[in-house]
Asker: 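This is the structure I have questions about; it appears just below.
The figures here come from the full heavy-atom set of this structure, side chains too, leaving out hydrogens, waters and symmetry mates. Note that the structure is a prediction, hence the values are computed from the model and not measured.
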Amino acid sequence: QDHAQGFTTWEGYVDWRNRPAIKGCHGGAVAASFVLVVEILENLAYLANASNLVLYLSKFMNFSPSASANIVTNFMGTAFLLALLGGFSSDFFSTYYIYIISATIEFMGLLMLTLQACIPSLRQPICASVNRNIPCKEVGGGHTAMLFSGLYLVALGVGGIKGSLPSHGAEQFDENSPQGRKHRSSFFNYYIFCLACGALIAVTLVVWVEDNKGWQWGFGISTVAILSSIAIFLLGSGTYRIKVPTGSPITTIFKVLVAAFSNSLFPKNSIGNVQDTRENPENTTEISEDEEGHREQGEEIQTEMKDLKFIGKATVRNTAYPSLRCTVKQVQDVKIVVQVVPIFMSTVMLNCCLAQLSTFSVQQAATMNTYIGALKVPPASLPIFPVIFTMILAPVYNHIIIPFARAVTKSEMGITHLQRIGTGLFLSVVAMAVAALVEMKRKRVAEQSGLMNTTEPLPITFLWISLQYLFLGSADLFSLAGLMEFFFTEAPLSMRSMSTALSWASLAMGYYLSSVIVSIVNSITGRFQQTPWLYGNNLNHYHLERFYWLMCILSGLNFLHYLLWASRYKYKSTKPDYERGRDDNTPSEA
């Protein structure tokens, strides 16, 4: 096009007006900085409500503590699971447009919640009972419909943003230059830092406003924050380079699996290995001049496929359905995805533990003394401890720990992705043990003080709860950042747009698993005693310490399961990105 004449353009990238992106004008640190600022505002808008939502549901909508906890975990789980939809859509419509659409949807949801909090006729009357054992009338009818409509519009918007925004920021750097790859790596680290910055404002300023000035003001701040993030994102439009959509990796995965299943049920012949697809004259007419090197690569792929014979059947040349014919590269890409699934699944239990930070831990703190000197701290502000730790540790990890580890180990990574994830899983086991011990102490104080059935704060500081927050916050930093980097570096180039979304999907499954475990625990314990462990409106009568010990045991077993798979995993990304891309684009079949 005319505007690109005389300039060097980015191949495969366009600007926001769909014109070729120009080197020096589009992409780089300036463009990525807009993304980081937007993430601060977006996470502020989301976490300000998610961290305190359990109290809003129990105090203003009159849900029981366990029902409130399940609503919150389902809401947060849905938001993170929908990141997969956001990542999938970004491959078709570009990350730029998916962010704008998703942020607008989240804005609409927050506006609905703000109106409901502002107008008394749209919400349930506040219950003024002083006895914890007397239940209040739960919200119902149109009030419930408006509440859940607003919540899940927010969840849909958050999912789209989580699935598109990190990838949009990473795409601003040139992966074919060492400096670009270095900046891209730093971007992911500072993306976690910006998540913490937004969370810090959310769990301090906004939560204080919600508890002292009213929820209508808290929802209002979140609404203004997400609206401001859209404006800032659009302000940076002239600096972005936007990747031209090339189709979704989900399509490739689905095609390979269907082809493998089809060829297993309806085999047309027995030719189905990599060697045959290369030796047949009809399939070697376009092999490049480096034929010998490519043949060696094919033999390596064939050897690696021996453990995944079912997927390998997708390479049958004379398939019964020609439209399902798959290339070796497509099968190899799916094989890599299958290999990282056990690692991915091992992080679900950790995120199930993290779900407690937004539910029972907040409710525990609400029963305790929340004063620090003369300052009254809202219980939902407890996450400030892991947030501050994350803001300190993220830069230290990037600029001090990693260089030191590289010098000691003489390796490129210093600390491997799997070691980082494993550290997070181990810390989650410790956190659940600490949580159980703290709950035992809290209940002992309640019994000794005769405050089991009143709403009066217990004579024990809520800072005891901060111990489990510190351990779980540290676990989250190690696991989330490690998982994001692991997927990004290990996944094939054609599937990297989904890597971040898969990291969020682990969080989603953890939140859903938390709800399932609570329901199963209540169901089983209710059969053997009069009251289930986690039932009723009085948290002091819950057996929360037993639940935490159960979570500790399950986390320990999950850690052993992770060690089994991590010790057997062999890293695939031993080459720089530009070499991997060159190899992946080498024609392996005609």
Asker: Can you label the angle between the Phe559 ring and the Phe426 ring as parallel, tilted or perpendicular, going by 30° and 60°?
Answerer: tilted
Asker: Run the numbers on Ile421 and Phe478 for side chain to side chain contact (heavy atoms under 4.5 Å, CB included), then give the verdict.
Answerer: CA-CA 6 Å; Ile421 297 171; Phe478 279 98; over 6 Å; no
Asker: Is the closest side-chain heavy-atom distance between His399 and Phe404 below 4.5 Å?
Answerer: no
Asker: What residues form a side-chain contact (heavy atoms from CB on, under 4.5 Å) with Phe93, not counting sequence neighbours?
Answerer: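 Testing Phe93 for side-chain contact (heavy atoms from CB on, under 4.5 Å), a comparison that skips the adjacent residues, returns Ser89, Ile98.
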Asker: Between Tyr542 and Glu545, which heavy-atom pair has the shortest distance, and what is it?
Answerer: O-OE1, 4.2 Å
Asker: Roughly how far, to the nearest 0.5 Å, is OG1 of Thr390 from CD1 of Ile192?
Answerer: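 Going from the CD1 atom of Ile192 to the OG1 atom of Thr390 covers 8.5 Å.
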Asker: Which atom pair, heavy atoms only, marks the closest approach of Ser515 to Asn74?
Answerer: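 Smallest heavy-atom distance, with atoms named: OG-OD1, 3.1 Å.
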Asker: Could you grab the distance from atom OG of Ser186 to atom CZ of Phe193, nearest 0.5 Å is fine?
Answerer: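 Here the interatomic distance stands at 13.0 Å.
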Asker: Is a side-chain N or O of Ser466 found less than 3.5 angstrom from the main chain of Tyr469, in a donor-acceptor match?
Answerer: no
Asker: Of all residues at least two apart in sequence or in a different chain, which pass the side chain to side chain donor-acceptor pair (under 3.5 Å) check with Ser479?
Answerer: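 Checked Ser479 against side chain to side chain donor-acceptor pair (under 3.5 Å); zero matches.
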Asker: Got a donor-acceptor contact below 3.5 angstrom from the Ser567 side chain to the Leu564 backbone?
Answerer: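 Between the backbone of Leu564 and the side chain of Ser567 there is a qualifying donor-acceptor contact (under 3.5 Å).
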Asker: Got a sec, which residues hit ring-ring contact (aromatic ring centres under 6.0 Å, His included) with Tyr96, two or more places apart in sequence or on another chain?
Answerer: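 Applying ring-ring contact (aromatic ring centres under 6.0 Å, His included) to Tyr96 gives Phe233.
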Asker: Taking the side chain from Ser102 and the backbone from Tyr99, do they hold a donor-acceptor pair closer than 3.5 Å?
Answerer: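 Here the side-chain-to-backbone pair does not exist.
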Asker: If you take all heavy atoms of Glu106 and Ala45, which pair is closest and at what distance?
Answerer: OE2-CB, 4.0 Å
Asker: Evaluate the ring planes of His417 and Phe486, with Trp represented by its six-membered ring, and classify them as parallel (under 30°), tilted (30 to 60°) or perpendicular (over 60°).
Answerer: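 Rings of His417 and Phe486: perpendicular, as their planes differ by over 60°.
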Asker: May I ask you to test the Leu534-His543 pair for a side-chain heavy-atom distance under 4.5 Å?
Answerer: no
Asker: Between Gln172 and His183, is there a side-chain heavy-atom distance shorter than 4.5 Å?
Answerer: no
Asker: So, taking the atom named OG in Ser506 and the one named CE in Met349, what distance separates them when rounded to the nearest 0.5 Å?
Answerer: 12.0 Å
Asker: Mark yes or no for whether Glu171, through its side chain, and His168, through its backbone, hold a donor-acceptor pair below 3.5 Å.
Answerer: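 Checking the backbone N and O of His168 against the side chain of Glu171, no donor-acceptor pair under 3.5 Å is found.
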Asker: Please check if the number of heavy atoms outside Phe471 that lie under 6.0 Å from its CZ is greater than 12.
Answerer: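 No - once you tally the heavy atoms of other residues, nucleotides and ligands closer than 6.0 Å, there are 12 at most.
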Asker: Given side chain to side chain contact (heavy atoms under 4.5 Å, CB included), test Leu84 with Trp504 step by step and report yes or no.
Answerer: CA-CA 8 Å; Leu84 290 175; Trp504 298 118; over 6 Å; no
Asker: Are any of the side-chain nitrogens in Glu39 or Lys162 under 4.0 Å away from the carboxylate oxygens of its partner?
Answerer: yes
Asker: Take Ser94 and Tyr97 through the test side chain to side chain contact (heavy atoms under 4.5 Å, CB included) and record every step on the way to the result.
Answerer: CA-CA 6 Å; Ser94 83; Tyr97 293 109; 3.1 Å; yes
Asker: Checking the side chain of Thr409 only, and the main-chain atoms of Ala405 only, is there a donor and an acceptor separated by less than 3.5 Å?
Answerer: yes
Asker: Can you give me the closest heavy-atom contact between Arg420 and Ile415, atom names plus distance?
Answerer: N-CG2, 4.2 Å
Asker: For Phe173, which residues count as a ring-ring contact (aromatic ring centres under 6.0 Å, His included) partner, sequence neighbours excluded?
Answerer: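 Partners of Phe173 by the ring-ring contact (aromatic ring centres under 6.0 Å, His included) criterion come out as none, since no residue qualifies.
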Asker: Taking the side chain as everything from C-beta on, heavy atoms only, tell me whether Leu427 gets closer than 4.5 Å to Asp476.
Answerer: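 No. Closest side-chain heavy atoms not under 4.5 Å.
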Asker: What pairs with Asn558 under side chain to side chain donor-acceptor pair (under 3.5 Å), at least two apart in sequence or on another chain?
Answerer: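 Applying side chain to side chain donor-acceptor pair (under 3.5 Å) to Asn558 gives none.
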Asker: Side chain to side chain donor-acceptor pair (under 3.5 Å) with Tyr562: which residues, sequence neighbours excluded?
Answerer: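 Tyr562 satisfies side chain to side chain donor-acceptor pair (under 3.5 Å) with no residue once adjacent residues are dropped.
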Asker: Minimum heavy-atom separation for Leu425 to Ser346, with atom names?
Answerer: CD2-O, 3.7 Å
Asker: If you round to the nearest 0.5 Å, how far is CG of Leu195 from CG of Leu47?
Answerer: 9.0 Å
Asker: Tell me, please, which residues at least two apart from Ile105 pass side-chain contact (heavy atoms from CB on, under 4.5 Å).
Answerer: Ile101, Leu153, Leu156
Asker: Does some side-chain heavy atom of Ile517 sit less than 4.5 Å from a side-chain heavy atom of Phe547?
Answerer: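 A side-chain contact under 4.5 Å exists here.
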Asker: Kindly write out the residues that satisfy side chain to side chain donor-acceptor pair (under 3.5 Å) with Trp549, not counting sequence neighbours, or none if the list is empty.
Answerer: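 So Trp549 forms no side chain to side chain donor-acceptor pair (under 3.5 Å) with any residue.
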Asker: Is any side-chain heavy atom of Ser167 closer than 4.5 Å to a side-chain heavy atom of Ser90?
Answerer: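 Of all side-chain heavy-atom pairs linking Ser90 with Ser167, none is under 4.5 Å.
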Asker: State, yes or no, whether a side-chain contact exists between Met484 and Leu480 at a heavy-atom distance under 4.5 Å.
Answerer: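 Contact flag for Met484/Leu480 side chains = yes.
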Asker: Apply side-chain contact (heavy atoms from CB on, under 4.5 Å) to Ala155 and list each qualifying residue two or more places apart in sequence or on a separate chain.
Answerer: Phe75, Thr78, Ala79, Tyr152
Asker: Can you tell me if Asn398 uses its side chain to pair, donor with acceptor, with the backbone of Asn189 under 3.5 Å?
Answerer: no
Asker: How far does OG of Ser555 sit from CG of Leu560, to the nearest 0.5 angstrom?
Answerer: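 CG of Leu560 is found 11.0 Å from OG of Ser555.
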Asker: Find the distance between CG (Leu165) and CG (Leu36) and round it off to the nearest 0.5 Å.
Answerer: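 Between atom CG of Leu165 and atom CG of Leu36 there are 8.5 Å.
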Asker: Take atom CZ of Phe389 as the centre, draw a 6.0 Å sphere, and report whether it contains more than 12 heavy atoms from other residues, nucleotides or ligands.
Answerer: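 Counting other residues, nucleotides and ligands, CZ of Phe389 stays at 12 neighbours or fewer.
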Asker: Going by heavy atoms in the side chains, are Phe360 and Val518 under 4.5 Å from each other?
Answerer: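 In short, these two side chains touch, coming nearer than 4.5 Å.
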Asker: Mind checking side-chain contact (heavy atoms from CB on, under 4.5 Å) for Ile520 and listing every partner two or more places apart, or none if nothing turns up?
Answerer: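 Val516, Ile524.
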Asker: Mind checking what makes ring-ring contact (aromatic ring centres under 6.0 Å, His included) contact with Phe187, not counting sequence neighbours?
Answerer: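 Per chain and number, Phe187 pairs via ring-ring contact (aromatic ring centres under 6.0 Å, His included) with no residue.
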Asker: Might you point out which heavy atoms bring Met432 and Cys353 nearest each other, and give the distance in Å?
Answerer: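 Where Met432 meets Cys353 most closely, the heavy atoms are CG-SG, 3.6 Å.
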Asker: May I have all residue pairs that pass salt bridge (Lys or Arg N to Asp or Glu O under 4.0 Å) and include part of residues 337-346, sequence neighbours excluded?
Answerer: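 Sorted pair list comes back empty.
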Asker: Tell me, with the steps shown, if Lys243 and Thr95 meet side chain to side chain contact (heavy atoms under 4.5 Å, CB included).
Answerer: CA-CA 8 Å; Lys243 190 174 182 180; Thr95 54; over 6 Å; no
